[in-house]
Enquirer: 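Can you keep this structure in mind? I'll have questions shortly.
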Amino acid sequence: MKTRLEEQLADALATLKSDGLVPPDVAPAIAVTRTKDPTHGDFASNLAMQLAKPAGRKPRDVAEALIAALPSSAEVRDVVIAGPGFINFFVSDATQADVVRRVLDDGEQYGRSQVGAGKRVQVEFVSANPTGPLHVGHGRGAALGATIANLLDAAGFDVQREYYVNDAGRQMSILALSVWLRYLEKGGATFAFPSNGYRGEYVHDIAAALRSEVGSDLERDTTALFSGVTDDETVAADGSTSGDKEAHVDELIEAAQAALGDNAWKLVFDHGLDAIIADIRGDLADFRVRYDEWFSERSIEGDVATVVERLDKAGHLYKQDGSTWFRSTAFGDDKDRVVVRSDGRTTYFASDIAYIDNKLARGFDQVLYVFGADHHGYVVRMQAACEALGHDPKRLEFLLIQFAILYRGGERVPMSTRSGSFVTLRELREEVGADAARWFYVMRRYQQHLDFDLDLAKSRSNENPVYYVQYAHARICSVMRELDNKGLSFDQAAGLATLDRLVEPQEADLLTLLATWPELLERAALTREPHQVTGYLRDLANGLHTYYNSHKFLVEDDALRQARLSLLCAVRQVLVNGLTLIDVSTPEVM
RNA sequence: GCGCCCGUAGCUCAGUUGGAUAGAGCACCUGGCUUCGAACCAGGUGGUCGGAGGUUCGAGUCCUUCCGGGCGCGCCA
């Protein structure tokens with residue numbers, strides 16, 4: 001409808017140009033938008049105001065000429081000039097009501113589009129280090145990434161959902177060491193657990209599982225293990241520190257590898273990694289988050305050197321202070337970045353570069369990174385690397401997700417990963433349910449900090465927006481059940497034939513909302529803004545509740561009843577389509 | 001100090017390429033269930049859109065500058 005009006009305006013503009021009213025070289029953006037105020041009609045265009053200056057005439061005069069040049073259309077009931085020179089379009093009632101037929105015909109397809117057809121896009125999200133369970137901070141990235149992927153899919157893009165598993169770094173070795181040390185403790189060994197080790201309860205669980213699998217086969221002499229290792233950091237009573245926790249843990253890792261040998265070390269390492277990956281996968285699955293690919297960092301370890309070499313050959317690297325630097329300042333970064341350390345090992349950034357190259361080589365037109373806002377410093381260097389490798393940096397897109405702050409009883413819930421006193425995603429889900437969690441995480445713009453009110457998310461009351469929307473769905477289902485109880489039935493064809501009986505203002509509001517859904521969904525996908533969907537669903541539910549309270553559906557008048565029920569079914573369909581996109585359930589009874 | 005994000009009603013937030021009288025929810029006040037589900041609805045109170053300049057027919061939206069808040073600035077991952 002909107003595009004047809006824009007085409008008609010374009011034709012009218014061409015007529016004005018050929019009549020000499022408008023200079024031929026003027027090329028304004030022809031835009032038709034929905035109105036906010038129904039008294040302004042259904043659609044409006046500001047074209048006349050844009051043309052006023054180049055045409056040297058008053059906006060309202062230009063508008064008059066444009067309207068005169070518009071072809072007549074059965075879809076449009078009236079076209080009027082309003083305000084400073086807006087052209088307002090009033091859509092005919094039959095066209096307005098026809099949306100019911102479209103919704104019921106298209107069903108779960110209604111609202112989906114093909115704007116992204118033929119384009120491959122990857123959404124990488126969460127990608128938390130597999131060194132412990134996911135916490136609530138990861139939850140927002142999970143919910144947003146999953147929903148954005150759903151939106152893109154609905155817009156016709158070929159979407160791939162990926163989790164990048166950081167299974168190669170030093171942190172993984174520290175986890176393996178932590179698991180092994182807990183394993184040794186369970187065998188009776190006593191020693192001071194390194195301050196830099198992972199201290200969470202889950203490490204004990206993994207160690208216990210390891211012991212039940214291998215028995216005492218992995219036990220080694222601990223006094224020998226700790227001998228010669230730099231002292232761990234300790235804090236004296238006066239606050240002064242001694243020792244070096246970083247060197248302590250690194251040397252312990254080396255000693256452990258030596259004591260166990262490669263095979264046994266790998267056994268411990270994989271045991272820890274596999275256990276945590278399994279935990280994360282299960283957790284995300286229960287959160288209704290699906291992935292197409294769990295991409296292992298180790299699988300591209302061998303590509304890092306190759307990529308560094310490519311950058312070197314292209315002249316983007318230089319040596320200084322014994323290490324190798326990437327000249328990212330040449331691409332707008334505020335400082336250059338090390339890719340090969342003075343000890344010869346490559347940096348984490350070098351792995352990222354290899355990963356970028358790998359992604360783009362897989363042929364994605366667009367690659368989305370769903371990052372926590374604390375990662376914003378990486379954006380410029382990532383794009384710099386992308387460009388240096390000869391790729392278009394615009395193919396990378398970074399969504400910086402602001403933090404979610406939990407509130408319980410009006411108090412901020414403290415979050416500290418370091419001390420291990422964090423709320424896990426699993427705990428959150430068990431406390432408020434997956435529906436509320438998914439909804440709350442995406443209900444705000446991702447650029448905005450999120451106040452996550454646990455009490456509100458749990459409340460089964462009118463304050464809770466999730467229930468509000470689900471209730472609208474359940475209410476419609478309830479009406480359809482009541483229809484059965486009264487021995488009546490719904491005939492869709494009959495309903496579609498009597499749509500002209502929908503004349504109430506509440507019905508007109510719902511028809512407009514239904515017609516808006518495809519436009520909104522497309523915009524939400526292209527701007528990567530799931531909160532537009534939650535906002536829309538709230539409006540649609542409100543429209544339904546208002547309608548429900550002002551009119552009866554199961555009326556004696558058969559034609560009117562059929563028409564109203566077909567409208568209800570259309571509303572229910574769009575509620576389902578919207579809630580499905582954010583993976584919130586659609587209960588028939590609450 | 002530099003960089004990114006944010007600042008809209010008492011609170012939490014929407015506001016589509018710049019568009020008409022800036023909107024919701026919560027809170028507060030008033031009213032509505034012998035009726036298809038009151039987990040609902042209708043109405044009301046509440047605003048210098050952080051401040052100041054600028055761009056233009058028109059600015060919450062764009063530009064400049066200042067103020068306030070969050071985050072980031074490792075040969076960590």
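In the text below, chain A, chain B and the rest are named by the order of the sequence lines, each starting its count at 1.
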Enquirer: What do you reckon, are the aromatic ring centroids of Tyr378(A) and Phe398(A) less than 6.0 Å apart?
Expert: no
Enquirer: Under the 5.5 Å and 30° test, is His375(A) stacked on the base of G72(B)?
Expert: no
Enquirer: What's the closest nucleotide to the His449(A) side chain, out of G19(B), G70(B), C40(B)?
Expert: G70(B)
Enquirer: Expressed as a whole number of angstroms, how long is the span from Asn196(A):CG to C76(B):P?
Expert: 13 Å
Enquirer: For Tyr471(A) and G37(B), what is the distance between atoms OH and C1' respectively, to the nearest whole Å?
Expert: 4 Å
Enquirer: If we take the P atom in both C6(B) and A20(B), what is their distance in whole Å?
Expert: 22 Å
Enquirer: Which listed nucleotide (C57(B), C6(B), C36(B)) is nearest to the side chain of Gln448(A)?
Expert: C6(B)
Enquirer: Under 3.5 Å for both donor-acceptor distances, Watson-Crick or wobble: does U55(B) have a partner, and if so which one?
Expert: none
Enquirer: If I pick the P atom on U12(B) and the same atom on C75(B), what distance separates them, to the nearest angstrom?
Expert: 39 Å
Enquirer: Any idea which of A14(B), U56(B), U35(B) is nearest the Arg445(A) side chain?
Expert: A14(B)
Enquirer: Does a donor on one side chain and an acceptor on the other come within less than 3.5 Å for Ser323(A) and Trp325(A)?
Expert: yes
Enquirer: Consider the side chain of Phe553(A), meaning its heavy atoms from C-beta on, and name the nucleotide among C6(B), C36(B), G70(B) that approaches it most closely.
Expert: C36(B)
Enquirer: Less than 4.0 angstrom between a side-chain N/O of Thr546(A) and OP1 or OP2 of A42(B), yes or no?
Expert: yes
Enquirer: Tell me the interatomic distance from Arg475(A), atom CZ, to A38(B), atom P, rounded to whole angstroms.
Expert: 5 Å
Enquirer: Which nucleotide wins on minimum distance to the side chain of Ala474(A), given the candidates C41(B), G37(B), C71(B)?
Expert: G37(B)
Enquirer: Whole angstroms only, please: what is the OH-C1' distance between Tyr467(A) and C26(B)?
Expert: 18 Å
Enquirer: Distance criterion of 3.5 Å, no angle test: do you see the side chain of Asp352(A) paired donor-to-acceptor with the base of A77(B)?
Expert: no
Enquirer: Is any side-chain N or O of Tyr348(A) closer than 4.0 Å to OP1 or OP2 of G74(B)?
Expert: no
Enquirer: Examine the side chains of His248(A) and Glu233(A) and answer whether a donor and an acceptor come within less than 3.5 Å of each other.
Expert: no
Enquirer: From CG of Asp61(A) over to C1' of C57(B), roughly how many Å is that when rounded to an integer?
Expert: 14 Å
Enquirer: Under 4.0 Å, counting only non-hydrogen atoms across every strand here, what does His545(A) touch: a base, just sugar-phosphate, or nothing?
Expert: sugar-phosphate
Enquirer: Respond yes when some side-chain nitrogen or oxygen of Asn46(A) is under 4.0 Å from OP1 or OP2 of G18(B), and no when none is.
Expert: no
Enquirer: Does G74(B) have its OP1 or OP2 closer than 4.0 Å to a side-chain nitrogen or oxygen of Tyr378(A)?
Expert: no
Enquirer: Choosing from U16(B), C36(B), G72(B), which nucleotide comes nearest the side chain of His376(A)?
Expert: G72(B)
Enquirer: In this structure, how many angstroms lie between the P atom of U61(B) and the CD atom of Gln447(A), rounded?
Expert: 17 Å
Enquirer: Do you see a donor-acceptor pair shorter than 3.5 Å between the side chains of Asn166(A) and Gln171(A)?
Expert: no
Enquirer: Which value, in whole Å, describes the distance between the C1' atoms of nucleotides A59(B) and G53(B)?
Expert: 14 Å
Enquirer: Should C28(B) form a Watson-Crick or G-U wobble pair with both distances under 3.5 Å, which nucleotide is its partner?
Expert: G44(B)
Enquirer: Looking only at side chains, do Arg475(A) and His545(A) share a donor and an acceptor under 3.5 Å apart?
Expert: yes
Enquirer: Base, sugar-phosphate or nothing for Asp321(A)? Non-hydrogen atoms, less than 4.0 Å.
Expert: base
Enquirer: Establish, with yes or no, whether the OP1 or OP2 oxygen of A77(B) is under 4.0 angstrom from a side-chain nitrogen or oxygen of Arg341(A).
Expert: yes
Enquirer: Whom does G18(B) pair with, Watson-Crick or G-U wobble, provided both distances fall under 3.5 Å?
Expert: none
Enquirer: Give a yes/no answer on whether the side chain of Ser323(A) brings an N or O atom under 4.0 Å of OP1 or OP2 in C75(B).
Expert: no
Enquirer: Distance to the ring centre below 6.0 angstrom and angle to the axis at most 45 degrees; does that hold for Arg140(A) and Phe403(A)?
Expert: no
Enquirer: Establish, with yes or no, whether the OP1 or OP2 oxygen of C41(B) is under 4.0 angstrom from a side-chain nitrogen or oxygen of Gln506(A).
Expert: no
Enquirer: Could you check whether Phe125(A) and Phe371(A) have their ring centres less than 6.0 Å apart?
Expert: no
Enquirer: Does His531(A) make a side-chain N or O approach to OP1 or OP2 of G15(B) shorter than 4.0 Å?
Expert: yes
Enquirer: Go through U16(B), G37(B), C40(B) for me and flag the one nearest to the Ser478(A) side chain.
Expert: G37(B)
Enquirer: Roughly how far apart, to the nearest Å, are G25(B) and G43(B) at atom P?
Expert: 10 Å
Enquirer: Looking at Ser342(A) and C75(B), is any side-chain donor or acceptor paired with a base atom of the opposite kind under 3.5 Å?
Expert: yes
Enquirer: Paired with C71(B) by Watson-Crick or G-U wobble geometry, both distances under 3.5 Å: which nucleotide is it?
Expert: G3(B)
Enquirer: How far, in whole Å, is G18(B) from G58(B) if one measures between their C1' atoms?
Expert: 8 Å
Enquirer: With a 4.5 Å cut-off on side-chain heavy atoms, are Tyr164(A) and Trp294(A) touching?
Expert: no
Enquirer: For Ser550(A), report the nucleic acid contact type (base, sugar-phosphate, nothing); a contact means any heavy atom under 4.0 Å.
Expert: nothing
Enquirer: Using atom P in both nucleotides, what's the gap between C63(B) and A27(B) to the nearest angstrom?
Expert: 38 Å
Enquirer: Could you walk me through whether Asp232(A) and Lys245(A) pass salt bridge (Lys or Arg N to Asp or Glu O under 4.0 Å), step by step?
Expert: CA-CA 5 Å; Asp232(A) 199 359; Lys245(A) 59 183 178 182; over 6 Å; no
Enquirer: Could you state the atom-to-atom distance from NZ of Lys486(A) to P of C36(B) in whole Å?
Expert: 6 Å
Enquirer: So, is Lys36(A) near the phosphate of A20(B), with a side-chain N or O under 4.0 Å from OP1 or OP2?
Expert: yes
Enquirer: Can you check the Phe398(A) CZ to G72(B) C1' distance for me, whole Å?
Expert: 15 Å
Enquirer: Name the residue closer to the 5' end of RNA chain B, choosing between Asn549(A) and Asp37(A) according to the nucleotide with the nearest heavy atom.
Expert: Asp37(A)
Enquirer: Measure the distance between the ring centre of Tyr468(A) and the centre of the six-membered base ring of A39(B), then answer whether it is under 5.5 Å with planes under 30°.
Expert: no
Enquirer: To the side chain of Leu400(A), which of C71(B), C4(B), C40(B) is closest?
Expert: C4(B)
Enquirer: Is G23(B) paired to anything, Watson-Crick or G-U wobble with both distances less than 3.5 Å, and if yes, which nucleotide?
Expert: C13(B)
Enquirer: Taking only the side-chain heavy atoms of Asp374(A) (C-beta and beyond), determine which of C71(B), A20(B), A77(B) contains the nearest atom.
Expert: C71(B)
Enquirer: The side chain of Glu529(A) lies closest to which of these nucleotides: A38(B), C57(B), G15(B)?
Expert: G15(B)
Enquirer: Okay, side chain of His316(A), backbone of Phe326(A): is any donor-acceptor separation there less than 3.5 Å?
Expert: no
Enquirer: With rounding to the closest Å, how many angstrom separate the C1' atoms on G44(B) and U48(B)?
Expert: 24 Å
Enquirer: Rounding to an integer number of angstrom, what distance separates G47(B) and G10(B) when you compare their P atoms?
Expert: 7 Å
Enquirer: Across all strands, who's sitting opposite G37(B) as a Watson-Crick or G-U wobble pair, both distances under 3.5 Å?
Expert: none
Enquirer: With nearest nucleotides of RNA chain B determined for Ala29(A) and Ser45(A) from heavy-atom distances, which residue corresponds to the more 5′ nucleotide?
Expert: Ala29(A)
